[in-house]
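Chain A is the first sequence line, chain B the second, and so forth, proteins listed ahead of strands; every chain is numbered from 1. When reading the values below, keep in mind they use all heavy atoms of this one structure, side chains included, and skip hydrogens, waters and symmetry mates.
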There are 2 protein chains.
Amino acid sequence: MAIKERKEREKQDMRNLIIDSATGLFLKLGYDKTSIRTIAEDIEYSPATIYLYFKDKDEIFYVIHENAFALLDKEFRKHDVIENHFERLAAICSTYINFALKNPDYYDLMFIMRAPLSQIACEETWTAGNCAFDYLLDTMSGCVDEKLIKGGDKFLLAMSVWSFGHGLVSLYVRGRFDVMNMPEDVVKDMLDKAVANFLNNLKA
Amino acid sequence: MAIKERKEREKQDMRNLIIDSATGLFLKLGYDKTSIRTIAEDIEYSPATIYLYFKDKDEIFYVIHENAFALLDKEFRKHDVIENHFERLAAICSTYINFALKNPDYYDLMFIMRAPLSQIACEETWTAGNCAFDYLLDTMSGCVDEKLIKGGDKFLLAMSVWSFGHGLVSLYVRGRFDVMNMPEDVVKDMLDKAVANFLNNLKA
DNA sequence: GTTTTTACTAAACAGTGTTCATTATATTTA
DNA sequence: TAAATATAATGAACACTGTTTAGTAAAAAC
């Protein structure tokens, strides 16, 4: 009976090996250049072997996508110590922006790319993403309850904050600002200023 | 000498033929399934011929991307008749959101995809995009001058409005809302409500 | 020790963007 | 008008991609 367990363990090890390799290649070379064949060569297995552990490329990137969300969520929860909910909201925003700027490839996978979506559709619930969003939602709930903020629909408010942050960084990450006549550092400065203004306008 | 002009005309006709075909296929089948070979088959030419008129696939989609911006810009300028700048700003936002929902593929190409960016980098200025953004900037300028709005940095304000709108529709278009426990129609409703709230909070 | 199951892979399929030598056509020159 | 030149178009290939399948080698079960 112990053999079955060992086999299960080996199967998981192989999955981890693939994910680790894929993650490394993805962060180094980007999504497009991280092909099944590149991963296979990296782990010194045949490309076909990968399909014994993952149903397709999307599933691999779904796992990476989940790990990235866990990372973001972890950074979010560090703000548990901030008791004032509005201040915590501001901290969450700041963390979100910085996460995107520091990990543009992860951010892409989490919020922009279509790749992991097909897999998300297969799962009953989008655990990873909901977890991080729930933290924003809880914080927003605190803001609303304590009347620190204008408006009473915490869902709408959370969606708005998320959208604003996402709009800023996704336009930035996908180069829609540098294509205009705005210098790099000015734009980066504006990200913070924009968020500060946005939150200030939200204040009750 | 007239032959040279006719040749030039024929060259332009061929370019238009390719762009028209590519645009139709793109709107019908999406970006990925619009391959050079698909376009070639559609216009009844060999795939290699396309490379006599466009340097690569990106250049084709850059032209489509430019046309899409001209379309959005045209819709924007319809609001010239609205004299109150804040009301015009609201109209621009509404038009932006509706454009994205009606033309998700165009929107993708304009604000999310990387495909046309390599070409944008080649051009001196991003004419198409700047034109539409300038209209927002001018309207915002009016709002600031007439003190209809909080804050004085029109550039920061325009960037904020754009980012907020983009955040909402890009999360929507790329399926980041329907992946959560939010029903489709509720989300669509929230888009309008969110913009309304956002603009309201901006009011002086 | 034989049979069965599992793990793996070479090779192929169908597709992609792109390049290049070659052919067919049109224009210019003698 | 006939030969020479310039232009336009293409078939075939290159180097990739994700994915499937038939076949082989090793491990486990009997």
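B:Phe99 and B:Phe76 have their aromatic ring centers separated by at least 6.0 angstrom.
Put simply, A:Thr49 has a side-chain N or O that comes within less than 4.0 Å of OP1 or OP2 on C:dT9.
The distance between atom CZ of A:Arg15 and atom C1' of C:dA7, rounded to the nearest whole Å, is 16 Å. With rounding to whole Å, B:Leu25 atom CG is found 12 Å from C:dT16 atom P. Computed from coordinates, the B:Lys7 NZ to D:dT5 C1' distance equals 12 Å when rounded to whole Å. Note: CG (A:Asp32) to C1' (D:dG18) measures 13 Å, nearest angstrom. Rounding to whole angstrom units, CD1 of residue A:Ile43 and P of C:dT9 are separated by 9 Å. One can place OH of A:Tyr51 at 17 Å from P of C:dC13, the figure rounded to the nearest angstrom. Whole-Å rounding puts the A:Ile50 CD1 to C:dA10 P distance at 13 Å. Here C:dT19 presents its P atom at 15 Å from NZ of B:Lys57, a figure rounded to the nearest Å.
For A:Ala48, counting side-chain heavy atoms from C-beta on, the closest listed nucleotide (D:dA27, D:dT10, C:dT9) is C:dT9.
At a threshold of 4.0 angstrom between heavy atoms, the contacts of B:Asp56 are confined to the sugar-phosphate backbone, with no base atom among them. Backbone-only contact: A:Tyr53 has heavy atoms under 4.0 Å from sugar-phosphate atoms and none from a base.
Within residues 33-40 of chain B, the residues approaching DNA chain D are B:Arg37, by heavy-atom distance under 4.0 Å.
B:Met190 places none of its side-chain heavy atoms less than 4.5 Å from the side chain of B:Val195. Counting heavy atoms from C-beta outward, A:Ile36 and A:Ile60 have side chains that approach closer than 4.5 Å.
For B:Thr49 (side chain) and B:Tyr45 (main-chain N/O), no donor-acceptor pair under 3.5 Å exists by modelled atom type.
For the ring pair (Phe, Tyr, Trp, His ring centres under 6.0 Å) test with B:Tyr96, the passing option among B:Phe164, B:Tyr135, B:Phe133, B:Phe111 is B:Phe111; the others fail.
Both the sub-6.0 Å distance and the 45° axial angle are not jointly satisfied by A:Lys74 relative to the ring of A:Phe69. For the pair A:Lys188 and A:Tyr172, the cation does not sit on the ring face, since its NZ or CZ is not both under 6.0 Å from the ring centre and inside 45° of the axis.
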